Amino acid sequence: MPIARFSPFELLLLQSRSQVDTAKLLLLAWILVHRQHVSEGQRRRRLAQVCAHFRHGHELAPVMHIARQRDLKAIQLAAEVIRKECSAEHSLGVMHQAITVATDNGDLSLSNHYILRFVADLLNVLPTTLGTLFKELTGRALALPEDPSRDAYWRTHDADYYAQQARKAEEAARQAREAQEKAEQQEKRRQEEEAQRAHSKAQEKAERERARSDKSRDDKARKDQARNEKARQQQEHARRKKEERERAKRQQQNSKSGSQKGSQQGSYQGSRQGYQNGYQHSHQQRSSTPAPPDRTTRALAVLELSPGVTQAEVRRAYRRMAQLHHPDRFYTQSEHQIALASARFQRIKSAYDYLMQTYR
């Protein structure tokens with residue numbers, strides 16, 4: 001059979017010569033443990049005085065140890081022993097001793113206030129009987145115990161704690177204010193930095209727009225200059241051609257008038273010589289002025305087209321060549337490259353205009 005396990009108080013009861021006295025000793029020791037402002041030696045001496053006539057026959061140290069452990073099962077077992085073995089009058093005697101021990105110094109601690117009511121309930125002593133007995137022994141009524149769960153109790157019994165809590169709350173409020181001020185400063189600094197970045201971006205954008213506008217204006221000026229130069233060269237070329245034609249015409253007229261004034265004998269030779277001179281002059285004029293190539297062929301070559309194309313094909317070819325050779329595609333190149341691109345684009349535009357008029 002397994003060995004039965006007994007609690008320390010049960011073992012103490014088995015060893016006691018009077019279980020009732022041991023039970024009363026535990027209840028009184030429990031009350032003494034909860035006395036305020038009493039040393040351990042004073043508790044032992046007071047318990048020894050109370051149990052001087054008890055017949056328990058064992059040491060007090062084990063009882064004090066069980067009482068300090070607040071073993072409610074042992075307390076209930078002690079009350080059950082008293083209730084079972086003693087009469088109601090004897091139970092009142094136990095309550096009399098408990099009240100005396102709890103109020104030796106005139107003060108009743110909050111813990112013993114609840115312990116007296118708990119022990120009275122375990123010993124079947126009515127609350128009214130407990131109140132009457134308490135008033136007879138102490139001369140004052142047993143008031144309701146204070147509620148330690150309420151804030152007012154601790155404000156009275158632990159003022160230092162509330163002062164400390166107030167200081168902590170004040171410190172927390174100060175830290176919260178500092179944190180809020182720091183957060184506001186950081187937010188203000190962030191907004192200023194964002195405003196500064198936005199202003200810098202706006203300035204950079206304005207600079208880019210201004211540079212683009214200046215570049216566009218310079219490109220347009222270069223294009224106009226190139227167009228004007230080309231027009232001037234064409235005018236100069238046309239003027240030289242016109243002067244050459246007029247010079248040749250005057251030479252022919254002079255040759256004819258000289259041949260008519262010559263003698264009859266030398267008319268044949270003069271005519272022949274004049275004819276030869278006119279022929280040589282005309283031949284020299286024709287050889288010195290090369291015949292211009294066909295403009296339609298050149299225009300088709302510029303647009304990389306073949307003869308016989310339609311207006312739609314000319315328009316598509318112009319769009320393709322304009323996209324490839326538009327000067328804006330070379331704005332990152334040197335001025336010389338931009339000028340070449342402008343000249344190519346002008347030739348493409350002139351060829352397109354001429355072909356659209358030709359194939360109309």
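Note that the structure is a prediction, hence the values are computed from the model and not measured. Only heavy atoms go into these numbers, but all of them, side chains included; no hydrogens, no water, no symmetry mates.
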side-chain hydrogen bond (donor to acceptor under 3.5 Å, both in side chains) partner of Arg232, the single match among Gln234, Glu229, Glu236, Gln235: Glu229

Measure from NZ or CZ of Arg298 to the centre of the six-membered ring of Tyr354, then state whether that distance is under 6.0 Å and the direction lies within 45° of the axis. no

Compute whether any side-chain donor of one residue and acceptor of the other, for Gln203 and Glu207, lie under 3.5 angstrom apart. no

Quick one: does Ile82's side chain get under 4.5 Å of Leu27's, heavy atoms only? yes

Check whether the side chains of Gln233 and His237 place a donor and an acceptor atom closer than 3.5 Å, and report yes or no. no

Within 6.0 Å of CD in Gln175, more than 12 heavy atoms from elsewhere: yes

Look at the aromatic rings of Trp30 and Phe118 and report parallel, tilted or perpendicular, splitting at 30° and 60°. perpendicular

Could you give me the CA-CA distance, side-chain angles and deciding distance for Glu40 and Arg43, then say whether salt bridge (charged side-chain N to carboxylate O under 4.0 Å, His left out) is met? CA-CA 5 Å; Glu40 186 64 24; Arg43 291 192 182 96; 3.6 Å; yes

Under 3.5 Å, which donor-acceptor pairs link side chains of residues 57-66 to any protein atom two or more places apart or in another chain?
{"unit_1": "His58", "atom_1": "NE2", "unit_2": "Thr22", "atom_2": "OG1", "d": "3.0"}
{"unit_1": "His65", "atom_1": "NE2", "unit_2": "Gln69", "atom_2": "NE2", "d": "2.8"}

Within 6.0 angstrom of His326 NE2, more than 12 heavy atoms from elsewhere: yes

Criterion side chain to side chain contact (heavy atoms under 4.5 Å, CB included) on Glu80 and Arg83, from CA distance to verdict: CA-CA 5 Å; Glu80 183 179 352; Arg83 191 174 58 248; 3.9 Å; yes

Exceeds 12 heavy-atom contacts within 6.0 angstrom, atom NZ of Lys135: no

Got Lys230 and Arg227 here, is their nearest side-chain heavy-atom distance under 4.5 Å? no

Classify the side-chain pair Glu192/Gln196 by whether it contains a donor and acceptor separated by less than 3.5 Å. no

So do the side chains of Val81 and Lys24 get within less than 4.5 Å of each other, counting heavy atoms only? no

Just so I know, are the side chains of Leu300 and Val309 near enough to count as touching, which here means a heavy-atom distance under 4.5 Å? yes

